[in-house]
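As the structure is a prediction and not an experimental result, all values here were calculated from the model. The sequence lines fix the lettering, A, B, ..., with proteins before strands; numbering per chain opens at 1.
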Amino acid sequence: MSLTFFLPLFLILILIGMPIFFAMLAAPGSMLMLLDMDRDIPLLFRNIYNGIDSFPLMAIPFFMLAGELMNRGGITLSLVHFSQSLLGHIRGGLAHVNIFSSMLFAGLSGSAVADTSALGSMLIPAMEKNGYKRKFAAAITAASSVIGPIIPPSGIMIIYAYTMEVSVAALFAAGLVPGLLVGVALMAITSVMAAKYDFPIASKKASWRERGQAARGAFLPLLTPVIILGGILGGIFTPTEASAIAVAYALVLSLFITRTLKFKELPEIFNKAAMASAVVLLLVGAAIAFKTVVSLSHVAEDLAQYVLGLSDSVYMLLFLINILLFVVGMFLDAGPAIIILGPILGPVFISMGIDPVHFAIIMSVNLTVGLATPPMGLVLFVASSVSGEKVETISRAILPFLAVEILVIFLITYFPAISMTVPRLLGLVN
Amino acid sequence: MRAVDKALGALGWINDQAARIGLGIAWVLVAVMVATILLQVFMRYVLNNALPWPEEVARALMIWMMALVAAPALRRGDFVAITLLPDSLPNVLSRLLRLILTCVAVAILVVLSDISIDFFQRGFRTRAASFNLPRAWVYLAMAVCYFTMLFVTIEMALKHLKALFVGEKPS
């Protein structure tokens, strides 16, 4: 028996329902014990700590907090108003408003779940009242919410950057065009469906004056992505500093300007972000510990040999890896999936000449779309709880949108320029 | 079964208190973390005079924040797992499986808690790089984290055990 067995053991443990944090420690830990390598167990412990004790990771609790504050601060409402003033008059107006608001929201928040719950609770009832089927409204909310972690800031990309030692700024820059592409593709299929099924128009065409008013309302919230991205991509702030500034900005906005948030609500909101990030931090720590055993065991090299043996063509291997990631994404959240698979798959493809940033985007976009795929897509469950529609029903209604998103995944895979142009222009990659 | 009930009552109380204290402190730590980083941004970009300590202090605060809320998060079921199999098994098998999985988690946390005490004690030998305290006071967070998580998993294991015998739906 060799150390390599911990990988199958790990797979079995997560498939039978063990929380991933524990599985990531149980599998390598028990193999070390069986092989009389007990002395390395404190090393495993130490690596969890070292993995968590990180300044770049602090951006995770801060971006979560900023998103939560924006959400409670009535900012969602002003984004939706702005979207509606632009798109409400076209056929399928509210469906387009839903997608466009997700794109705007994505610049403020790095989480698909926050997007679904914030926009869904407002737009699903509004769409139903306007004559859409509720399952369609829930499906489009879930499908468009995956733009959240693709357009920066993005929790998933911070995790990827940290576990895989890639620049966060480069990943943020690289996610910009793919995120917009997903949004545009969703709007394109919505237009086709709107013409075919005669979707309703939401409102009469807004005058430029009304649009100007709506834009003024959305101006301050929409300054957030400008500050965050401008600061990070311009090399002024580190992502962690930018995330702290985003928190401060959101606090000022919602406490003093929109005044929709009260001081006494803050402890609960802060704790919500603390709990959500504690889970992620422990998972990242366990992943770093897991990674040390991966490197002790040469399992990555064995796996690389195996993958390379499957086909000579990089294109074919990228196709296969996308299928694998998609299947994994059906069952597992994007964050944990990246933590588990990144260290194993990343080096294989990078050694074949795929740019680390390009591979990061392929993996992130694919697994993010997985958040909206049945049977275990996280945002499907959130969409179900905000709409009251069954997960099964939403799962069927979302299929056309998923088809479009799969198409985008392959475009991103085979046309590196889609993700690489912006970071190249900014000098963040060679 | 009465002994299990008593133990559950006691553990439930301990875990409630730990969560109450943890959540009472954690949000303050988050607020101080934000303030510390903002101070550093101000010092660095406005006064051009970066301080040596904010990053290390903020990291220590983050570790304590995590340690204090990890157990309540675990208790609430926030730890990600693929529950397709336990959800689709017949009742008795599902409870048995959940019990076994929770027992493995207990075992892991026993090992981690044990090492964390040693880790804490060794921490007195090194001092933080930028402020005058032994690292042990940061390392202590890991002991708090794992011990509180251990208590939560023992409570969960007893609940599953009880459900297995009494036939209640595990919460």
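Between chain B and the residues P375(A), P336(A), A278(A), the most heavy-atom pairs under 4.5 angstrom are made by A278(A). For the set F45(A), F270(A), F237(A), F331(A), the entry with the most heavy-atom pairs within less than 4.5 Å of chain B is F45(A). Comparing I100(B), L74(B), I82(B) by how many heavy-atom pairs each has under 4.5 Å with chain A, the most go to I82(B). Ranked by non-hydrogen atom pairs under 4.5 Å with chain A, the options V28(B), I63(B), L29(B), L89(B) are led by I63(B). Options L101(B), L85(B), V138(B) differ in how many heavy-atom pairs under 4.5 Å they form with chain A, and the most are formed by L101(B).
Summarising the geometry of A274(A) relative to V69(B), their closest heavy-atom pair is O-CG2, 3.6 Å, with the distance given to 0.1 Å. For the residue pair L282(A) and A70(B), the shortest heavy atom distance occurs at CD1-CB, 3.7 Å. The two residues A244(A) and V34(B) come nearest to each other via the heavy atoms O-CG1, 4.1 Å. Residues A81(B) and P19(A) come closest through the heavy atom pair CB-CA, 3.6 Å. Scanning all heavy atoms of the two residues, the minimum distance from L38(B) to A248(A) falls at CD1-CB, 3.6 Å.
Looking at L23(B), both its backbone and its side chain come within 4.5 Å of chain A, counting heavy atoms on both sides. Neither the backbone nor the side chain of L378(A) comes within contact range of chain B, judged by heavy atoms closer than 4.5 Å. For P267(A), the parts lying under 4.5 angstrom from a heavy atom of chain B are both the backbone and the side chain. For F62(A), the part lying under 4.5 angstrom from a heavy atom of chain B is the side chain only. With a threshold of 4.5 angstrom between heavy atoms, A31(B) approaches chain A through its backbone and through its side chain. With a 4.5 angstrom heavy-atom cutoff, L65(A) touches chain B only via side-chain atoms.
Between atom SG of residue C145(B) and atom CD1 of residue I52(A) there is a gap of 7.0 Å, rounded to the nearest 0.5 Å.
Identified under the side chain to side chain donor-acceptor pair (under 3.5 Å) test for residues 8-26 of chain A, with sequence neighbours left out: none.
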side-chain contact (heavy atoms from CB on, under 4.5 Å) between M66(B) and V279(A): does it pass, once the steps are laid out?
CA-CA 8 Å; M66(B) 178 205 76; V279(A) 176; over 6 Å; no
Between L112(B) and I48(A), is the side-chain contact (heavy atoms from CB on, under 4.5 Å) condition met? List the steps.
CA-CA 10 Å; L112(B) 290 174; I48(A) 306 175; 4.1 Å; yes
Please tabulate the donor-acceptor pairs under 3.5 angstrom that span chain B and chain A, backbone and side chains included.
unit_1, atom_1, unit_2, atom_2, d
L23(B), O, N271(A), ND2, 2.8
W27(B), N, N271(A), OD1, 3.3
R44(B), NH1, E241(A), OE2, 2.8
Y45(B), OH, I236(A), O, 2.7
Y45(B), OH, E241(A), OE1, 3.0
R59(B), NE, D53(A), OD1, 2.7
V80(B), O, I20(A), N, 2.9
Y139(B), OH, R46(A), NH2, 3.4

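In this structure the side chain of M33(B) reaches within 4.5 angstrom of the side chain of P61(A), judged on heavy atoms. Side-chain atoms of I115(B) and L44(A), non-hydrogen and from C-beta on, never get closer than 4.5 Å to each other.
The residue from V280(A), I14(A), I20(A) that alone fulfils the side chain to side chain contact (heavy atoms under 4.5 Å, CB included) condition with V80(B) is I20(A).
A372(A) is linked by a side chain to side chain contact (heavy atoms under 4.5 Å, CB included) to V146(A), V379(A), I398(A), L402(A), counting only residues two or more places apart in sequence or in another chain. With sequence neighbours left out, F63(A) forms a ring-ring contact (aromatic ring centres under 6.0 Å, His included) with no residue at all.
The aromatic rings of F21(A) and F79(B) lie perpendicular to each other, with more than 60° between the two planes, well past the 30° mark.
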